[in-house]
Every structure is written in structure tokens, then in C-alpha cells.
Amino acid sequence: MNISDWLTLRIEIALAVFILLQLIIKIFDLIRSNETWLRLNIAITFLIVLLGFTGNDSGSLFGGMFISTSFIIIEKTILAFATLLVLMQSYNWLKHHQHTPEFFMLLLTALLGMFLMLSANNILLFYLGLEMATIPVAALANFDLDKQRSSEAGMKMILSSAFSSGMLLFGISIFYGITGTLTISSWQEILRPGGLEVLALIFIMTGFGFKISLVPFHLWTADVYEGSPVSITAFLSVVSKGAVSFALARFLFNGVIMMQEFWVEILFLLSIITMTVGNLFAMRQTNIKRFLAFSTVAQAGYILLGLAGDPVNAPTSVVYFILVYMFSNLAALGVVEIVSFATQKEDLDDYKGFYNSNKKLAIVLMLALFSLAGIPPTAGFFGKLFLFTSGIHSASVVWLLFASLNLVVSLYYYMRLVRMMFSENNEKPLASIQSPLLSNIALIICSAGILFIGIFGGLYDYLHQLAK
Amino acid sequence: MIEQIPLTHILFLSTALFFIGAYGFLTRRNMITMLMSVELILNSVNINLVAFNRYLHPNIDGAIFTLFIITIAAAEAAVAIAIIISLYRKIKSIDPEQADELKF
């Protein structure tokens, strides 16, 4: 252990220091203006993003508990960047909130938990990171303190996440009983498919299923996404889901790779029902946040398809997809946030004739929906393409067929919203909305990402190189 | 003394506790009781870890893990009860069925 190994921990150390500093500043009440807090935190998050590009990347610390590679650093940077975009979009909402400083502490703590979870090579550290990433987010879901729906969302989130981590832990305890060690990478030498191992793996997959909202463990998703403030919906649907997907990929390929034949079967079943149920339920929603919630449920099904690949392609395609998905979903939710803040309207019907009153916002939302549906030349197409090419490695024909059919089904409801925005008339159209500067910048970044990431072909090769 | 109790007995206890917790979580109509059911699940995990540690793998890992689980469970309960109180102020009830503003 030397200095260059400690440098692999730089992002976490910086983040922890900033969180503690903010706590002290808050206790002594040194900064009173909400806007100063906002600017400070946007700067901090930007710094965290930049830190990802500097210094040494690979090494291990604390007797192999904490490991880091260039690939993991890239994953962390993507999550930090998504958090930055979420913060920029929430500027207007937080400007007048009563408890703005607490918001950042909780949000950054959740981010720190995700970083620890991604770097963990020890299941204890992994579990601590996972809990650190979920408990603050449940408190954040309850952040619209005067609204009943926000409290309901928080309640549903904390109870279901507590239950799911119980399931996950039960599986972990059985794995500990079999192997006698908590180090994830040494599990792969001991674990072979057998009765007890399979039972434990099913428990663990159930825990993960709750966290990335796979059907049949998705029941909390739509309620929490609808009830939470829009920024938290964005954070949950992009950052939390992304982090747990990365962690799932690492767990499957580092810990239980020898049981691959078995877990591909689990992924197959979960993926098919996740895609189908997510798409079918998305069709009948009337609230745009619930609509996007079921669309993210369906997207999780495609992520599982990508995970069926080989140990290099699968994580690469998942990271690439999450990057694309981050831009698309944050663009969509960014527009929803602007509209909902200005007019308090969140129904799909309110978006009829949206193009007539707000041309730019409608175009951004259209791009996002195209990308979520996977229409070329938007980046969403390439994200799906790489997931499918990775999945071909061990996915059956039935699985691929189901995934393709589901893509067609999803096209229906995404395009229905686009048609509503552009060619239907509304008796009570939304007023023309003046969107704030920072939200505009975030939306421009997202649109640029959607349009150019797919065309900029070197990115996938670069990630692929790092994953080796 | 403890060697007279076979490991299977303890595993039976922990599995039973797990399913009692899961059953309670899914059937109770009281948020606090649901939280207590989750604690039962976590304690069944603790029993598992300690038993495996004592009987099969005499390294300290399993026992340490339980300490962290207890701590995290306390943190989780703190946040959960705070949220439940905030919900109670609005609906004057801790019955999750009463919290029905969000459904499809």
C-alpha cells in the first residue's frame, strides 16, 4: 500500500470531505443563501467529475477490500456527471426550498455509497455501499415535506428497500456459509452450481431485482417515481439504477461467473417479463412520471439482455447503454421538471399541443423519446444495438425475439406522446414557459449527447479496451 | 456444550425466523409492524452468519458482519420512522392502506 494506491480512492475522499465540510458549514450557519449552496454544490460535483480523469486508476486498498480499475473510474464518472445534470435541473425547485443544504448532503452521501459499492471487492463493503446509496434516497423522496404523495413515496421506498436488502443479505449469508470468506473475487473459485448455491443466488437476484425494479419486484417503482420530487425521480431512475446495474454486472462476472449457465436462465425469465409488463403498463398510464417509470422498468429488461454476454462485452455494453440512457432520460425528465415546476401539471393530456406553445422544449422531449425508443440516428439505437450484440453470446432465440417485439411495442407509446405533442389540439394548452438558464444548459448537454454519442463511434471501442 | 446442538437446528431457527418476517411484512396492516418484520429478517441473517462463523469457518468475518447489519438496521429504522411520522401527520394513521393517493 503506497501513495499511488491511495490516489485510487481520491474521488471518495474528496466527496466525504465535502460532505463533512457542508455539515459543519450548516451547523454553524455560515452560508444562508440557498443560491450560494446550489452554486457551491454544482461546483463540487463538477470537481468530482473532473477528478475521475486525473491520476492513477488501478490499485487495491485495505487488504483487497477496495479495488479500482480504469473501467470502474469511468463508471463512477458517469454517475457523478448524471448527478451534476440532476443538480443543474433542480436549481429552480431548490432555490426556494426550506431545507436546501440537507438535500445536498443526502444526495452526495448516496453518491458516495454508490462509489463504494462499485469498488467493493468485499461483500461487507458492498452491502454498506448499497445501504448508503438507498437510505438517503428514501429520505429525499420525502423531500416535498408538505405533500402527502411525497411522504407516501418515501414510505414505500424505505419499506421495500429494507425488505429487499433483507433478501439480499439472506443470500449473502448462505454464500458465506458455503465459502467461508467475504471476498467476492475468491468466491468464483469455490462456488459451483448446486442446491444451496442456487437458492442463495435466487435470494440475491431478488434483492438486486428490487433495486433495479425488475418485474415482479417493480411494484414500488411507479408509486415512488410519481410521488417524489422530479429531481429525485431523475436521480432514482438514472443514477441509482445505473449504479446497481454496474454492481450487478460486476457481481455476476466476478463472484458467480462459474454459475453462469444458471443465472443466464434467471436473467432470461426476469428480462422477458420485465420488458413485456413494463411496456404493457406504460401504455395505459395517464401521468407522465408514471409513464416514464414504466418505460424505465422496460429498459431494465434490455439491460438484463446485455448482461447475458461474455465477461468483456456485457459490462461494456451495459455501461454504454447507461450512458446513453442517462442523457435520454434526464432530457425527458428535465422537460417534465420545467413544466411541472412552472404549471404544476403532470398529466399526459396536458402535453397535447405542447409544440405550439413551447417549441424548443417539445423538440428536446421528442429527441429524448426517440432515443428511449431506439430510433437511429439517436444514441438510444446504438445503446440497444450493443446490448443485443452482447446478448447474442448466450441468449436464446426466443429471448432475442421477445426483446425485438418489445422494441416495436415500446415504439407505439413513445410515438403516441410525440404525436400528442405535435399534432393534437388542446383546449387548455400549457402556457409558454420561460425555462431557467441552468436547466437549459443541462438540456442542451443531454440533446448533444443524444445526437452525437451514437455517431462518435470510438467510445464503445474505448470502453471495450478498458473492460479487458 | 454448544457442540451438542447441531448446526441444522440453528439454520432451521434462522430460516423459520426469515419466513416469519417475510410473512409478517406481506400481511401486516401497520407500518411499524412491517418495520419490525424486516428486523426479524435481518436478525435471521445475523443468526446465520454467527452460526456459520462458529461451526464452519472460525475466522472473525461473520461476527463482524453482524455488527454492521445491526448498525445499518438502526439507521434504516431511524429514517423509516421519520418518514412514517411525516406521513402520520398527514393521514392520521399508520395503516399503509390509508396512504392511497398513489395508485393506478
Side-chain angles (χ1 to χ4, degrees), chain A residues 106 122-125 127-128 130-132 134-136 138-139 141-142 145-183 203 222-227 281 284-287 290 294, chain B residues 7 11 14-15 18 21-22 25-26 31 34-35 37-53 55-59 61-62 64-66 68-69 71-73 75-91 94 96 98-104:
Chain A
L106 292 169
N122 183 298
I123 203 76
L124 175 54
L125 186 64
Y127 167 68
L128 290 178
L130 187 70
E131 288 295 309
M132 215 165 140
T134 36
I135 296 176
N142 193 10
L145 290 171
D146 48 346
K147 286 191 186 148
Q148 184 192 329
R149 48 179 47 213
S150 185
S151 297
E152 265 185 59
M155 183 269 287
K156 283 174 181 167
M157 166 114 201
I158 188 86
L159 285 179
S160 59
S161 81
F163 185 61
S164 69
S165 33
M167 303 275 249
L168 187 78
L169 275 176
F170 197 75
I172 289 173
S173 75
I174 297 176
F175 269 170
Y176 171 70
I178 298 166
T179 60
T181 170
L182 295 178
T183 309
F203 273 110
D223 286 356
V224 173
Y225 283 20
E226 185 189 349
F281 274 73
R284 56 184 288 250
Q285 299 305 321
T286 53
N287 178 296
R290 287 189 89 86
F294 278 105
Chain B
L7 177 62
L11 292 186
S14 76
T15 314
F18 178 87
F25 183 82
L26 297 173
M31 292 178 214
M34 285 166 84
L35 204 59
S37 307
V38 172
E39 300 288 321
L40 279 187
I41 294 178
L42 294 180
N43 281 332
S44 84
V45 175
N46 285 343
I47 294 175
N48 251 352
L49 286 170
V50 172
F52 284 136
N53 190 15
Y55 283 86
L56 299 178
H57 312 293
N59 51 11
D61 287 356
I64 298 284
F65 206 142
T66 58
F68 281 93
I69 293 178
T71 321
I72 293 276
E76 206 159 47
V79 174
I81 288 175
I83 291 175
I84 291 171
I85 289 174
S86 129
L87 185 57
Y88 176 78
R89 288 195 182 132
K90 283 151 204 152
I91 61 175
I94 50 168
Q98 301 285 319
D100 56 358
E101 202 174 284
L102 302 168
K103 60 183 174 188
F104 48 105

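So that the names make sense, note that chain A is the first sequence line, chain B the second, and so on, each numbered from 1.
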So which of A/Val224, A/Thr134, A/Asn142, A/Ile123 has the largest heavy-atom pair count under 4.5 angstrom toward chain B?
-> A/Asn142
From B/Leu42 CG over to A/Leu169 CG, what is the distance, rounded to the nearest 0.5 angstrom?
-> 6.5 Å
Please determine which of B/Asn48, B/Thr66, B/Asn46 meets the side chain to side chain donor-acceptor pair (under 3.5 Å) test together with A/Ser173.
-> B/Asn48
Verify side-chain contact (heavy atoms from CB on, under 4.5 Å) between A/Phe170 and B/Ile41, making sure each step is shown before the conclusion.
-> CA-CA 8 Å; A/Phe170 197 75; B/Ile41 294 178; 5.7 Å; no
Working to the nearest 0.5 Å, report the span between CZ of A/Phe163 and CG of B/Leu35.
-> 13.0 Å
In terms of heavy-atom contacts, B/Lys90 and A/Leu145 come closest through NZ-O, 2.7 Å
Contacting moiety of B/Leu49, where chain A heavy atoms sit under 4.5 Å = both
So, for A/Gly166 and B/Val45, which heavy atoms are closest and what is the spacing to 0.1 Å?
-> O-CG2, 4.1 Å
Contacting region of A/Lys147 [heavy-atom separation from chain B under 4.5 Å] | backbone
Part of B/Ala22 lying under 4.5 Å from any heavy atom of chain A | both
Contact part of B/Leu40 toward chain A, heavy-atom cut-off under 4.5 Å: side chain, backbone, both or neither?
-> neither
Please flag which part of A/Tyr225 lies under 4.5 Å from any non-hydrogen atom of chain B: side chain, backbone, both or neither.
-> neither
B/Val79 to A/Ile158 - nearest heavy-atom pair and separation = CG1-CD1, 4.0 Å
Distance (rounded to the nearest 0.5 Å) between A/Gln148 CD and B/Arg89 CZ = 14.5 Å
Output for pair (B/Phe25 CZ, A/Met167 CE), nearest 0.5 Å, gives 9.5 Å
Is it the backbone or the side chain of B/Ile83 that comes under 4.5 Å from a heavy atom of chain A, or both, or neither?
-> both
Could you tell me whether a side-chain N or O of A/Glu152 sits under 3.5 Å from a main-chain N or O of B/Leu87, the two making a donor and an acceptor?
-> no
Scored by heavy-atom pairs under 4.5 Å with chain B, the best of A/Gly154, A/Ala162, A/Ser165 is A/Ala162
Donor-acceptor pair, side chain of B/His57 and main chain of A/Thr181, under 3.5 angstrom | no
Approximate separation, where rounding is to 0.5 Å, of B/Thr15 OG1 and A/Ile174 CD1 | 7.0 Å
Quick one: list whatever passes side chain to side chain donor-acceptor pair (under 3.5 Å) with B/Glu76, sequence neighbours left out.
-> none
Rounded to the nearest 0.5 Å, how far does CG of A/Leu125 lie from CZ of B/Phe68?
-> 9.0 Å
Of the backbone (N, CA, C, O) and the side chain (C-beta and beyond), which part of A/Asn122 lies under 4.5 Å from a heavy atom of chain B, both, or neither?
-> neither
How about A/Phe175 and B/Phe52: are their ring centroids closer than 6.0 Å?
-> no
